[in-house]
Amino acid sequence: MISPVPHVAAMAPYALADLSAPPGKRLVSLSQNESLRGPSPLAIKASESAAQNPHLYPDPDWTSLRDAIAEVHEIDAGLIVCGNGSLDLIGSIARAFCGPDRAALAPAHAYPFFRSATLMTGARYDAAPELAMTADVDALLNSVQPDTSIVFVANPGNPTGTRISRTELLRLREGLRGDILFVIDEAYGEFADHVHEPMFDLVDRGDTVVLRTFSKAYGLAGMRVGWGLFPALIGTEIRKLLNPNNAAAPGQAAAQAAMLDQDYMRATCAETAQQRDAFAKRARALGLDVPQSFTNFTLIRFASSEAAASADAFLRSEGVFLRAQGGAGLPNCLRATASVADDMDLAAGLLEDWMQREASK
Ligand SMILES: Cc1ncc(COP(=O)(O)O)c(C=O)c1O
C-alpha cells in the first residue's frame with residue numbers, strides 16, 4: 001500500500017474557505033481577508049504587459065521587485081526574499097528550521113498556517129495562551145521548550161486583528177534564546193503603519209525575520225507574491241528550499257508597480273479602516289464583543305460557539321460568508337473581512353436580524 005510519512009498522515013487537511021452560496025443568492029465573501037478593492041491601475045497595466053511573454057520564465061531572483069521594495073522601505077535589497085505568497089516563505093522557514101526533534105511556538109490564536117507549516121516538517125507545534133485575544137509575551141517566554149527552534153508571531157494577528165507594540169516584540173526577542181528564529185509576520189502591517197513602529201531593523205540582529213505580503217493592502221491576493229527581510233545567512237537557507245521561479249512574471253510586475261504607488265495603497269488602507277470600523281461599531285451596538293482591529297477584518301465574539309455557528313448559518317443562507325474560527329481555537333468567533341459599503345451594510349443588517357430573531361426565541 002502506498003502510504004505517506006506518518007506525520008503527514010496524522011495531519012488534518014488545511015481548512016479552506018467554503019464559498020458555496022445558496023442557489024439564487026449573490027455570493028458576498030467576507031471570508032478570506034482579501035482587499036476591498038483591486039490594486040493600483042499601474043499594477044494591472046504592468047501585469048498585462050508582463051503577460052505578453054508567457055513562454056519565458058520569470059526573473060528567478062526578483063531583481064526589479066526587490067529594488068522597488070528596498071527603495072520604498074529603505075532596506076537592503078540583498079536581504080529581501082520573495083515568495084509565491086508569504087505562505088511560500090512561512091513553509092520554507094519551517095522546513096529549514098523545524099523538523100523531527102524540534103518545535104515551533106506561537107500564540108494560541110495564531111494564524112493556522114503556522115501550525116500546518118510546522119507539522120508538515122514532522123516537528124511539534126506549541127501554543128502559548130493569549131491575554132484578551134492578544135499575543136502575551138510572558139506566556140510565550142514561559143512556553144519556550146529546550147527544542148523550540150522557531151517562534152511565530154503575526155503582528156497584527158489573524159484572526160484576532162490585535163497587535164502588540166514594538167517594545168513588547170523587542171522584549172520577546174530579548175527573552176528568547178539566541179538559537180531560536182523569531183518570525184514576525186506582518187501580512188497586515190500596512191494597515192498598522194500609522195502607529196509608526198517598523199520592525200525591519202530587528203533583522204540586523206541575525207536571528208529575526210520580518211514577512212510582508214502583496215495580498216492584503218496592495219490588493220494582489222490572486223497574484224501570489226509575498227516577501228520577507230531575512231538576515232543573510234537565514235535567507236541563504238530559505239532560498240535553497242524555494243521552488244525556482246516561484247513568483248510568476250505578471251505577479252512580480254504587478255507587485256513592483258503596486259509597491260511604487262504608495263498613495264494608492266494608503267487610500268485602500270484608509271477606506272478599509274472606515275468600512276471595518278463602521279461595521280465593528282454596529283456589531284458592538286448589538287452587545288457583541290469586537291476587539292479593536294489593526295487589519296482589514298473584524299473578529300466578532302459571540303456568547304457561545306453555538307451562537308457563532310447559528311449566526312454563521314443565518315448569514316450564509318443569505319449568501320454572506322464570514323469565516324468560522326474553530327481552527328484558531330476561537331469556536332465562539334466569526335471573522336468578517338472589511339469590504340465595500342453595500343456588502344458591509346448587508347452583513348451588519350443580517351447580524352442585526354439574527355440578533356433580533358435570537359432575542360425573540
Ligand atoms: C497572518 C498571515 N500571514 C500570511 C498570510 C498568507 O498570505 P499570502 O500567502 O497571500 O501572502 C495570511 C493570509 O491570510 C495571513 O493572514
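Whatever order the structure lists ligands and atoms in, that order sets their numbers, starting from 1.
Below 3.5 Å of separation, one finds no N or O of Q32 facing any N or O of ligand 1. Annotation: N84 places no N or O atom under 3.5 Å from an N or O atom of ligand 1; distance criterion only.
Against a heavy-atom cut-off of under 4.0 Å, S86 is close to the following atoms of ligand 1: 4 (C), 5 (C), 6 (C), 7 (O), 8 (P), 9 (O), 11 (O). Short contacts between ligand 1 and S215, defined as distances under 4.0 Å to a heavy atom of the residue, involve ligand atoms 8 (P), 10 (O), 11 (O). Close contacts between ligand 1 and K216 involve ligand atoms 13 (C), 14 (O) [criterion: under 4.0 Å to a heavy atom]. Here is the list of ligand 1 atoms found below 4.0 Å of a heavy atom in R224: 8 (P), 9 (O), 10 (O). The atoms of ligand 1 that sit less than 4.0 Å from any heavy atom of L87 are 6 (C), 9 (O).
Side chains of T121 and R95: no donor on one and acceptor on the other come within 3.5 Å. A side-chain donor-acceptor contact under 3.5 Å links N33 and T337.
Results of the side chain to side chain contact (heavy atoms under 4.5 Å, CB included) test with F230 over V210, L181, V183, I93 single out I93 as the only residue that passes.
Ring centroids of F113 and Y14 are separated by less than 6.0 Å, placing the two rings close together. Centroid-to-centroid, the aromatic rings of W227 and Y218 stay 6.0 Å apart or farther.
Considering only non-hydrogen atoms, atom 5 (C) of ligand 1 lies nearest to Y111 out of F152, Y111, F113, Y188. Among V153, D185, D88, the residue whose heavy atom sits closest to atom 2 (C) of ligand 1 is D185.
Contacts between N158 and ligand 1, counted as non-hydrogen atom pairs separated by less than 4.0 Å, involve the side chain only. Only side-chain heavy atoms of A187 come within less than 4.0 Å of ligand 1; its backbone N, CA, C and O stay farther off.
In this structure, G85 has a heavy atom closer than 4.0 Å to ligand 1.
In the displayed structure, R239 atom CZ is contacted under 6.0 Å by more than 12 heavy atoms of other residues, nucleotides or ligands. Applying the 6.0 Å contact sphere to CG of L56 captures more than 12 heavy atoms from other residues, nucleotides or ligands.
In this structure, R335 satisfies the cation-pi test against F297, with its NZ or CZ atom closer than 6.0 Å to the six-membered ring centre and inside 45 degrees of the ring normal.
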